[in-house]
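Values below: every heavy atom of this structure, side chains too, minus hydrogens, waters and symmetry copies. The sequence lines fix the lettering, A, B, ..., with proteins before strands; numbering per chain opens at 1. Fair warning: this is a prediction, and the values are worked out from it, not measured in the lab.
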Number of protein chains: 2
Amino acid sequence: MTPLSPETPDSSAAQRVLDAAERLFYSRGVQAVGIDMVVADAGVGLKTLYAHYRSKDRLVEAYLRRLNQRFLDRLQARMAHLQGRDQVLAVFDALGDWFAEPEFSGCAFINVAGELHTNPAARAIAREHKQSLRALLQRAARAAAVTDPDTLADRLMLLVEGAVVTAYVEGDEHAAVRARSAAAALMDCARPAHCDDVPSRAADRLQ
Amino acid sequence: MTPLSPETPDSSAAQRVLDAAERLFYSRGVQAVGIDMVVADAGVGLKTLYAHYRSKDRLVEAYLRRLNQRFLDRLQARMAHLQGRDQVLAVFDALGDWFAEPEFSGCAFINVAGELHTNPAARAIAREHKQSLRALLQRAARAAAVTDPDTLADRLMLLVEGAVVTAYVEGDEHAAVRARSAAAALMDCARPAHCDDVPSRAADRLQ
DNA sequence: CTTGACGGGAAACGCCCGTTCTCTAGACTC
DNA sequence: GAGTCTAGAGAACGGGCGTTTCCCGTCAAG
């Protein structure tokens, strides 16, 4: 079937395109990067790109989907061997490592949401990504043995999003450690009785 | 000097341009809105726009600067007549009202930061906006009579940013009330002794 | 060696953008 | 009423975009 090209089996051309798209879209923004730049960086022809991804919008969607999967996988791997509230704190340690990377350019999903007001598919993927992250935080919150894990997860989500935005917009690498200390404070002294009037997002979803 | 045009004195043409730019840039994104669309919406000619704002980048900067001023003014007005921790909670009440507006499209400064990776001036204005908001939260935190107002302000800032992003990306209007309850919890049981190892951002700035 | 599929390179197409320039109509000054 | 200035309408220009199409060279199959 597939000829033994100078490339590995499967279609590594598609991989190279997606790698280049990820690098360029994330660092420069989706709208600022043209198809020509992607194919030049990937070392493929335009025909190859359009054979695997039928349009730029589809390429953006594939970029976001793979990023979502890898983000969640890596985060879960960092939390897998931890117990209790350490699982929660590990999320913020991971954020700190991320913010310190020189290529850090904020959250790709937030950026795309703010950039592509017109592309509903991309915005849907961004929403799904946030919901997956929220679910991951809910599992961690349950492991932290607090009385109201869903409320804690909602608050942790706010801290995570706030830390990412602060690290990016303000260029503040220490946002993660501050969010970590805030998360610890919330776990230390969360009094769920204080928040009975505030519906948790998980409760909303069940309605 | 100025002839008695069908417009009010001062240059109301510049105002109309800025109004149109704000409406369009905020709702559709800066890159998705062309100059032609702005002048059509403002009912002026291209020459008028370029006479008052010498380029699209300058127009974007003027748009962000006016939005920053109005945002801070309105927020301060809502907090002026309140005392103590009510000043802090009023911030999140204001967020709730904002999120409920049908035109709500997230934080313009976050959107611009994610959209215009190439425009340093716009990103600088976004950073200044966040720093102004942080200073406002610091004043409110001092009024809340907590032991470490700067740390509290840092944490409130994370909650505010997280709420805005969550309300926008996830379409969750209730993010503000959840952030409000988290802020109340942090004010209730903040134990500054727990956070001595975490430098506050205000401390960073003084170094 | 011939054939044919594959894929990179690049031209071409139609469209939109930011910016500049020209034309024209109206209103104020004198 | 003639002159002058303002400002809107729109053409023009150079450039970039997403997408399609064509031209080749390369390499496996027969």
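Residue A/Leu116 contributes atom CG, which lies 14 Å from atom C1' of D/dG18 at whole-angstrom precision. B/Arg16 places its CZ atom 10 Å from the C1' atom of D/dG8, with the value rounded to the nearest Å. Here the C1' atom of nucleotide C/dC17 and the CG atom of B/Leu49 are 14 Å apart, to the nearest Å. Summarising the geometry, the separation between NE2 on B/His52 and P on D/dT6 is reported as 11 Å, rounded to the nearest angstrom.
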Write down the protein N/O and nucleotide N/O pairs, taken from nucleotides 23-25 of chain C, whose separation is under 3.5 Å; answer none if there are no such pairs.
none

Pairs of donor and acceptor atoms involving the side chains of residues 28-50 of chain B, under 3.5 Å and at least two apart or interchain, shall be tabulated with distances.
from    : atom 1 : to       : atom 2 : distance (Å)
B/Gln31 : NE2    : B/Glu115 : O      : 3.0
B/Asp41 : OD2    : B/Arg23  : NH1    : 2.4

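Using a 4.0 Å cut-off on heavy atoms, the residues of residues 27-46 of chain B that approach DNA chain C are B/Val33, B/Gly34, B/Ile35, B/Leu46, listed by number. Residues from residues 53-65 of chain A lying near DNA chain D, meaning a heavy-atom separation below 4.0 Å, are A/Ser55, A/Lys56 in numerical order.
With sequence neighbours left out, B/Ala163 forms a side-chain contact (heavy atoms from CB on, under 4.5 Å) with A/Leu158, B/Leu95, B/Phe99, B/Ala175, B/Ala179. Residues satisfying the side-chain hydrogen bond (donor to acceptor under 3.5 Å, both in side chains) criterion with A/Arg65, sequence neighbours excluded, are A/Glu61. With sequence neighbours excluded, no residue satisfies salt bridge (Lys or Arg N to Asp or Glu O under 4.0 Å) with A/Arg58. Remark: B/Tyr63 engages B/Phe25 in a ring-ring contact (aromatic ring centres under 6.0 Å, His included) (not counting sequence neighbours). For the side-chain contact (heavy atoms from CB on, under 4.5 Å) test, residues two or more places apart in sequence or in another chain that qualify with A/Arg142 are A/Gln138, A/Arg139, A/Pro149, A/Asp150.
Applying the salt bridge (charged side-chain N to carboxylate O under 4.0 Å, His left out) test to every pair with at least one member in residues 75-100 of chain B, sequence neighbours left out, gives these pairs: B/Arg78-B/Asp97, B/Arg85-B/Asp188, B/Asp93-B/Arg180. The salt bridge (charged side-chain N to carboxylate O under 4.0 Å, His left out) contacts involving residues 123-132 of chain B comprise B/Lys130-B/Glu161, where partners must be two or more places apart or lie in separate chains. Sorted by first and then second residue, the ring pair (Phe, Tyr, Trp, His ring centres under 6.0 Å) pairs with a member in residues 68-89 of chain B read B/Phe71-B/Trp98, B/Phe71-B/His129; sequence neighbours excluded.
Nearest approach of B/Ala144 to B/Val88, heavy atoms of both residues: CB-CG2, 4.3 Å.
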